[in-house]
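Here is the structure we will look at, set down as structure tokens.
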Amino acid sequence: MRFGHEGHMTNSMTPISHYGAYDHGQTSSDRERSLEPDHQASMAPENLKDQIGPQFIVTVANSLGLTQHSYDIFRAWVWEILSIWFAIGLLSAIAALLISFNGHLPPDWGANINLNAVLALLSTVFRAMLVIVVSQIISQRKWDWYHNDRLRPLADLQRFDTGSRGVLGAVSLVPRVLRRDLIALFAAIILLASFLVGPFVQQASRTISCSHQALGMAASLPYAHFVPRTDGYTNKDGPTQPTTDTRVTLLSSATAADGVENRITATCATGNCTFPGGDPIDDNGTNNLGLSSDNSTSHSTVALCNKCADITSLVSTSSSEFGHMYSLPNGFNISDYIPDFRTVLISPATDLEWLGDKFTSELRTISRWAFSNVTFLTLTPQECRTSGQLSCPGAYQAALCVLYPCLQSYVASVINGELSEELIQSSPMQPNLMPDADDSYSSVESNLEIIQRVSGYDNDQLHYTSVKSPCQVDEATYDLQNMSSYPATTNLSLFTTDPGSSGVRNLSAPEACIYRHHAKFGKAVTTVFEADLFAGTCNQYRSFTCLPTSESVWGGLGSIKVLETLYNNGSANFSLTNNWFESFAKAVSNRYRFQFGSSIYNESATDLPVGEIQGVAWQASTCVLMQEQWLALPAGLAFAAAILFVWTIASSWRHRHTRPVWKDNILPMLLYSDRLELKDPQILTRHLDRDDLIKDGTCLEEHDNVLLETTEMEKIAGRTLVKFRWPENAERQSVVGDDSAALAGRQEKWWVLRRKPRQFDTDSLLERWEN
């Protein structure tokens with residue numbers, strides 16, 4: 001046999017000289033003779049092992065393919081690879097569950113299982129996967145612990161084994177590997193910290209009080225898209241007059257503005273409701289009330305609005321021998337003359353130009369179509385009575401309050417059974433000059449002539465109209481710029497009285513965005529205001545007495561009550577007056593909504609559907625709250641375990657030609673016990689000489705049958721220094737000059753012969769070559 005240029009064996013081989021090289025000086029006949037067995041025997045040195053060099057042995061090994069085998073590293077770690085991926089998947093499942101139910105009701109999975117049970121199960125399996133990985137890392141590190149030439153106590157083998165199996169073992173392993181084996185150290189720490197996975201995952205899921213939609217529960221709120229939905233007026237016998245229901249409603253609003261009968265009652269089965277299906281809130285200048293608005297939706301309704309102005313500075317005082325008179329520029333006056341002594345007056349006014357500088361542009365706009373411009377003038381003698389005087393100059397109060405139709409937008413909710421409404425927008429309504437489609441007798445031009453001659457006091461033909469912008473229709477939002485693009489719009493011609501100008505504004509809008517107040521119903525309301533509520537005087541001669549100034553039989557109920565309330569026993573002031581008119585307007589608006597309000601506009605119909613906003617009922621319950629910071633520990637453990645695992649696989653791959661992956665298998669200690677090299681081979685013999693270990697009553701003859709206990713073996717192992725002779729260590733020793741006699745004395749194990757050879761020493765190579 002011989003080696004070719006590629007280092008492979010050929011069929012013929014040139015004899016090796018005493019120096020292990022080819023003899024190129026031989027002739028062909030010499031080479032043939034040298035191949036004869038007798039000649040080869042004569043040429044063989046007495047100890048061929050001592051004559052050939054280590055490089056030749058490596059060459060032979062490489063040629064035979066004995067050193068090229070690689071252990072299947074990934075197959076050895078396949079279960080741990082699956083475990084680490086499974087652990088990552090479980091952690092992702094835990095996070096996904098918490099995220100999906102965060103802020104929501106816990107899932108209803110039946111009576112025997114809930115979210116916490118599933119999280120506990122997942123966290124337990126997750127920890128088990130981590131323990132599988134790190135325990136095998138520790139187990140594999142115990143073989144690497146003896147890989148180099150350093151001698152280690154035999155007891156370390158037991159420490160690594162117990163360290164991979166439980167808490168106490170991991171605790172005892174930490175000080176041993178500290179600053180010596182960081183991989184084993186961190187693996188032990190992960191094993192210890194893995195017991196915190198369950199509590200931390202449970203802490204990541206907590207419960208809080210919350211509300212959820214109660215399906216099938218009613219939630220609604222009244223509103224007025226058009227008033228009135230039923231006949232609130234009559235004009236059969238002449239001029240437009242209010243019906244009895246209208247009179248009673250307005251009188252109730254004046255005499256008990258804050259009464260229960262004048263409050264909005266929301267339908268809310270659970271006591272907590274919201275109304276999210278309204279219009280978007282416009283923050284671009286339309287929120288003229290100075291109120292904050294958020295991303296909620298608003299709902300709009302036809303309403304009655306109020307604006308009061310303090311005109312006390314316009315009162316002029318005149319004196320005479322009979323007393324004092326207090327007069328306004330429009331001729332309204334009160335006095336402390338005896339016996340007249342008219343101390344309080346309330347009356348509507350049509351022309352307000354007498355206000356002078358007090359007649360602001362805002363008052364001018366809203367008063368033109370107001371149902372009533374109420375003037376209130378009173379003495380305030382309460383401050384004088386304390387000094388014994390009947391009256392005193394300068395103790396008086398005057399106010400002007402304008403009541404006009406308007407469109408109000410608000411955000412509503414019901415919390416714990418209490419309705420909460422925040423007014424976010426208010427705008428006055430204006431007459432619409434555009435006649436209805438079935439009105440063939442009117443036109444914009446003819447209506448313009450009419451409107452220029454009338455005001456809110458006598459308008460009974462042109463409906464008060466307002467367009468809501470922005471407005472949501474069919475899940476689309478429209479404003480004044482794009483309303484005309486809606487497929488079906490209604491044409492409007494609104495008569496505006498903006499400051500500095502007046503005219504007609506033409507526009508088209510969806511019917512759902514148009515709110516109307518019937519003109520005849522407005523005339524009926526004006527009649528009640530002028531005749532029954534805001535026309536009367538009071539005098540204080542001998543006693544305080546109030547009387548209506550109109551001929552209405554209802555004035556004795558309305559006007560007298562209003563005068564007494566505003567006079568307030570002589571302590572009238574502007575704040576009290578303004579608050580009362582605000583409460584009165586609010587009460588009337590509420591009546592518009594739940595008594596007169598309709599959801600559609602139809603002038604010819606007499607019984608329209610009630611306007612109701614549909615909302616969402618919320619049920620108080622317990623919801624899941626995810627606290628993601630508690631998942632940091634499980635995530636960190638999984639990440640650290642993955643890093644250690646990758647490092648361990650990389651180390652195994654680096655030594656794939658010489659070291660198999662044994663992990664926690666104990667068979668290598670049995671099958672390769674001869675590779676454990678003791679520093680002192682006689683130490684076990686001395687320790688096994690059991691003179692100091694014989695138990696009480698044990699005969700010397702039974703000495704060989706007495707086995708060591710665990711603690712005794714641990715003491716011996718702690719004093720026994722060993723190292724494991726890996727194949728690369730054997731090659732290194734043979735190159736530097738290993739004891740060939742010792743190598744020759746080692747037996748080839750039977751299990752080695754049953755598998756493909758991995759690595760061979762000099763003896764095995766020579767044996768193969770000689771045979």
Side-chain angles (χ1 to χ4, degrees), residues 73-98 116-145 155-178 180-205 630-653 660-669:
I73 300 301
F74 293 102
R75 186 176 63 180
W77 288 105
V78 62
W79 292 112
E80 289 74 17
I81 294 175
L82 294 177
S83 296
I84 197 67
W85 281 112
F86 192 33
I88 295 174
L90 289 172
L91 184 61
S92 301
I94 292 173
L97 277 176
L98 292 175
N116 286 336
V118 173
L119 292 177
L121 176 63
L122 294 178
S123 62
T124 301
V125 180
F126 169 77
R127 178 188 173 271
M129 296 300 101
L130 287 185
V131 170
I132 289 175
V133 175
V134 296
S135 64
Q136 294 302 323
I137 292 175
I138 295 174
S139 297
Q140 182 62 24
R141 293 304 296 177
K142 77 170 176 285
W143 301 110
D144 295 339
W145 183 253
D156 288 352
L157 201 64
Q158 179 63 25
R159 290 192 183 96
F160 273 88
D161 187 66
T162 57
S164 66
R165 299 180 185 277
V167 177
L168 295 180
V171 171
S172 63
L173 180 62
V174 168
R176 181 57 184 161
V177 297
L178 187 64
R180 295 183 181 90
D181 190 335
L182 295 181
I183 300 299
L185 174 63
F186 289 132
I189 293 175
I190 293 175
L191 183 61
L192 293 173
S194 66
F195 285 91
L196 299 176
V197 168
F200 270 61
V201 171
Q202 291 297 321
Q203 283 295 106
S205 172
W630 290 98
L631 293 180
L633 175 69
L637 293 180
F639 179 76
I643 295 298
L644 296 182
F645 185 53
V646 171
W647 185 276
T648 303
I649 291 182
S651 177
S652 300
W653 177 259
V661 178
W662 287 337
K663 295 186 290 190
D664 60 349
N665 202 314
I666 64 172
L667 293 179
M669 296 305 299

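Counting from 1, the numbers follow the sequence of the chain as shown. The basis for the numbers below is simple: all heavy atoms, side chains too, and nothing from hydrogens, waters or symmetry mates.
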Please confirm whether Lys663 makes a cation-pi placement over Trp77, using NZ or CZ under 6.0 Å from the six-membered ring centre and within 45° of the ring normal. yes
Distance col, row Asp181:CG vs Trp145:CH2, nearest 0.5 angstrom, shows 6.0 Å
Test side-chain contact (heavy atoms from CB on, under 4.5 Å) applied to Trp85 - qualifying residues, sequence neighbours left out: Ile81, Ile88
Which heavy-atom pair separates Asp664 from Arg165 by the least distance, and what is that distance? O-NH2, 4.5 Å
What verdict does the side-chain contact (heavy atoms from CB on, under 4.5 Å) test give for Met129 and Ile84, after you've listed the backbone C-alpha separation in whole Å, the side-chain angles of each residue and the deciding distance to 0.1 Å? CA-CA 7 Å; Met129 296 300 101; Ile84 197 67; over 6 Å; no
CA sep, side-chain torsions, deciding dist, call: Val133, Ile190, side-chain contact (heavy atoms from CB on, under 4.5 Å): CA-CA 10 Å; Val133 175; Ile190 293 175; over 6 Å; no
Taking Ser172's backbone N and O only, do any of them form a donor-acceptor pair with Arg176's side chain (distance below 3.5 Å, no angle check)? no
Going by the angle between their ring planes, with limits at 30° and 60°, are Phe200 and Trp630 parallel, tilted or perpendicular? perpendicular
Hey, could you give me the OG1/CD distance between Thr648 and Gln140, rounded to the nearest 0.5 Å? 8.0 Å
Kindly indicate whether the side chain of Leu633, heavy atoms from C-beta on, has any atom under 4.5 Å from the side chain of Val197. no
So, do Leu122 and Val201 sit near enough that their side-chain heavy atoms are less than 4.5 Å apart? no
Find out whether Ile649 and Phe74 are in side-chain contact, i.e. whether some heavy atom of one side chain is under 4.5 Å from a heavy atom of the other. yes
Can you name the closest pair of heavy atoms from Gly163 and Leu191 and give their distance? O-CD2, 3.2 Å
Which heavy atom of Ala204 sits nearest to which heavy atom of Leu98, and what is that distance? CB-CD1, 3.8 Å
Output for pair (Leu182 CG, Arg141 CZ), nearest 0.5 Å, gives 9.0 Å
For the CD atom of Glu80 and the CD1 atom of Ile132, what is their distance to the nearest 0.5 Å? 8.0 Å
Hits for side-chain contact (heavy atoms from CB on, under 4.5 Å) against Asn116, two or more places apart or cross-chain, chain-then-number order -> Asn114, Leu119, Gln202, Ser205
To the nearest 0.5 Å, what is the distance between OG (Ser164) and CD1 (Ile137)? 11.5 Å
Begin from the C-alpha positions of Phe160 and Trp143 and carry the test side-chain contact (heavy atoms from CB on, under 4.5 Å) through to its verdict. CA-CA 9 Å; Phe160 273 88; Trp143 301 110; over 6 Å; no
List the atom pairs, with distances to 0.1 Å, where a side-chain N or O of residues 637-647 and a protein N or O form a donor-acceptor pair under 3.5 Å, not counting sequence neighbours.
none

Arg127 vs Phe195 side-chain heavy atoms within contact, under 4.5 Å: yes
Under the criterion side-chain contact (heavy atoms from CB on, under 4.5 Å), I'd like the reasoning laid out for Leu173 against Thr162: C-alpha separation, chi angles, the key distance, then a yes or no. CA-CA 8 Å; Leu173 180 62; Thr162 57; over 6 Å; no
With a cut-off of 6.0 Å (strictly less than), are more than 12 heavy atoms of other residues, nucleotides or ligands near CG of Leu168? no
Minimal non-hydrogen separation, Ala87 against Phe126, with atom names: O-CD1, 3.2 Å
To the closest 0.5 Å, what do you measure between CD1 (Ile138) and CD1 (Ile183)? 11.0 Å
